[in-house]
There are 2 protein chains.
Amino acid sequence: MATTQDRQLVEQWRSIQNSYFRTAAAIDRALEAKFDIGLNEFEILDLVAESVDSACRMKALGERTPMTQSAVSKVVDRLEKAGLVSRQTCSDDRRSLYLELTDAGRALHSDAAVEHRALLKENLGE
Amino acid sequence: MATTQDRQLVEQWRSIQNSYFRTAAAIDRALEAKFDIGLNEFEILDLVAESVDSACRMKALGERTPMTQSAVSKVVDRLEKAGLVSRQTCSDDRRSLYLELTDAGRALHSDAAVEHRALLKENLGE
DNA sequence: TCAATCTATATGACACGTCATTCAATGACA
DNA sequence: TGTCATTGAATGACGTGTCATATAGATTGA
């Protein structure tokens with residue numbers, strides 16, 4: 001039997017879905033159009049940009065994002081191919097890699113971040 | 001410059017992302033394991049199940065879901081292939097189709113809905 | 001009534017994410 | 001030290017979503 005609570009849960013869930021998808025789509029389109037990178041690429045850039053320490057980070061990145069380890073790896077592939085980020089080997093654990101923004105990456109990030117925040121405000125803050 | 005408000009927005013956004021992804025993944029896995037359908041398939045089933053009127057619905061479905069029209073079409077393909085739903089032509093507009101649950105679809109939906117609601121409660125209500 | 005246009009759905013090419021696996025490096029412990 | 005398990009990351013096969021387009025039916029207006 002569908003209880004009232006069930007219906008409320010479903011409503012709540014649909015509303016989360018809609019706001020998530022609408023916001024994500026809006027940001028994705030804008031970043032794609034203006035900076036030629038997708039939302040996931042930006043989010044990785046953003047995480048790298050806010051990591052001031054130079055700890056080995058591919059792993060850490062995976063923990064701060066809902067993306068899979070392999071998704072992160074592929075996003076980083078694209079960022080690296082685009083010359084925005086570079087993979088550096090870790091001296092203390094040679095399995096690990098950490099990421100560094102290139103100058104181009106830093107520049108693009110700081111422009112894109114403005115757009116990103118503005119769209120978040122528009123869609124979340126309303 | 002990163003203002004405090006910016007940081008709050010980003011935090012809020014990440015928290016939405018996480019709760020969305022965690023919940024979606026949990027439901028998806030459970031439905032996949034127990035009923036062999038994905039979350040999107042279930043959501044279409046759910047929409048069809050709650051449409052009591054027999055209006056032409058493919059179109060209407062598209063409006064109640066963040067999915068693309070073409071995504072809906074493919075999800076329905078799979079549901080039809082699985083024998084859970086059937087496409088019916090519309091007499092008043094032969095371009096349109098409406099969907100009907102098969103008996104198997106109705107049965108699966110009512111079981112899966114219990115699971116779905118329970119997981120929503122667990123993840124959203126907590 | 002016949003174009004021109006619009007609308008509902010389907011489809012194919014493509015991009016991207018996931019899973020399972022692989023590979024190399026590390027750690028643990030006998 | 002040598003084996004065995006574990007860990008960080010990359011990769012290939014695959015499924016599914018998106019975009020652009022195709023198709024068929026509807027609508028409009030001359």
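All values reported here derive from a predicted model rather than from experimental measurement. These values consider heavy atoms only, across backbone and side chains, with no hydrogens, waters or symmetry-generated copies. Lettering of chains follows the sequences in order, A, B, ..., and the numbering in each one begins at 1.
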Verify the neighbour count for atom CG of A:D92: are there more than 12 heavy atoms of other residues, nucleotides or ligands below 6.0 Å? yes
Rounded to whole Å, please give me the gap between CZ in A:R95 and P in D:dA5. 16 Å
Begin from the C-alpha positions of A:L108 and A:D36 and carry the test side-chain contact (heavy atoms from CB on, under 4.5 Å) through to its verdict. CA-CA 10 Å; A:L108 186 145; A:D36 201 39; over 6 Å; no
Going by salt bridge (charged side-chain N to carboxylate O under 4.0 Å, His left out), name the pairs with one or both residues in residues 69-79 of chain A, residues two or more places apart or in two chains. A:E41-A:R78, A:D77-A:R87
Indicate every side-chain donor-acceptor pair of residues 21-33 of chain A with a distance under 3.5 Å to a residue at least two apart or in another chain.
{"residue": "A:T23", "atom": "OG1", "partner": "A:S19", "partner atom": "O", "Å": "2.7"}
{"residue": "A:D28", "atom": "OD1", "partner": "A:L39", "partner atom": "N", "Å": "2.7"}

Protein-nucleotide distance (B:L97, atom CG; D:dA24, atom P), rounded to Å: 14 Å
What integer distance in Å separates B:E32:CD from D:dG15:P? 12 Å
Looking at residues 73-84 of chain B, who's got a heavy atom less than 4.0 Å off DNA chain C? B:S73, B:K74
Who passes side-chain contact (heavy atoms from CB on, under 4.5 Å) against A:Q8, sequence neighbours left out? A:T4
Give the rounded distance in Å between these two atoms: CE of B:M67 and C1' of D:dC19. 17 Å
Inspect the contact between B:E50 and B:R64 and indicate whether a charged nitrogen and a carboxylate oxygen are less than 4.0 angstrom apart. yes
B:R14 with A:D46: basic N within carboxylate O range, under 4.0 Å: yes
Whole angstrom is fine here: how far is it from NZ in B:K59 over to C1' in D:dG25? 15 Å
Please report the distance, rounded to the nearest Å, between CG in A:D93 and P in D:dT7. 12 Å
Rounded to whole angstroms, how far apart are CZ on B:R29 and C1' on D:dG15? 15 Å
Taking for each residue the nucleotide of DNA chain D bearing the nearest heavy atom, is the 5' side occupied by A:F21 or by A:V72? A:V72
Could you tell me how far apart B:I44 (CD1) and D:dT16 (P) are, to the nearest whole angstrom? 14 Å
Sorted by chain and residue number, the side-chain contact (heavy atoms from CB on, under 4.5 Å) partners of B:Q88 (sequence neighbours excluded) come out as B:S86, B:Y98, B:E100
5′-ward residue of the pair A:R94/A:A71 relative to DNA chain C: A:A71
Going 5' to 3' on DNA chain C, which nucleotide is the first and which the last to come under 4.0 Å of a heavy atom in chain A? C:dC16 to C:dT26
Ranking A:E41 and A:Q69 by the position along DNA chain C of their nearest nucleotide, the one closer to 5' is A:E41
Could you tell me whether A:E63 and A:K59 make a salt bridge, using a distance below 4.0 angstrom between a side-chain N and a carboxylate O? yes
Across the strands shown, which category fits A:S70 at heavy-atom distances under 4.0 angstrom: base, sugar-phosphate, nothing? base
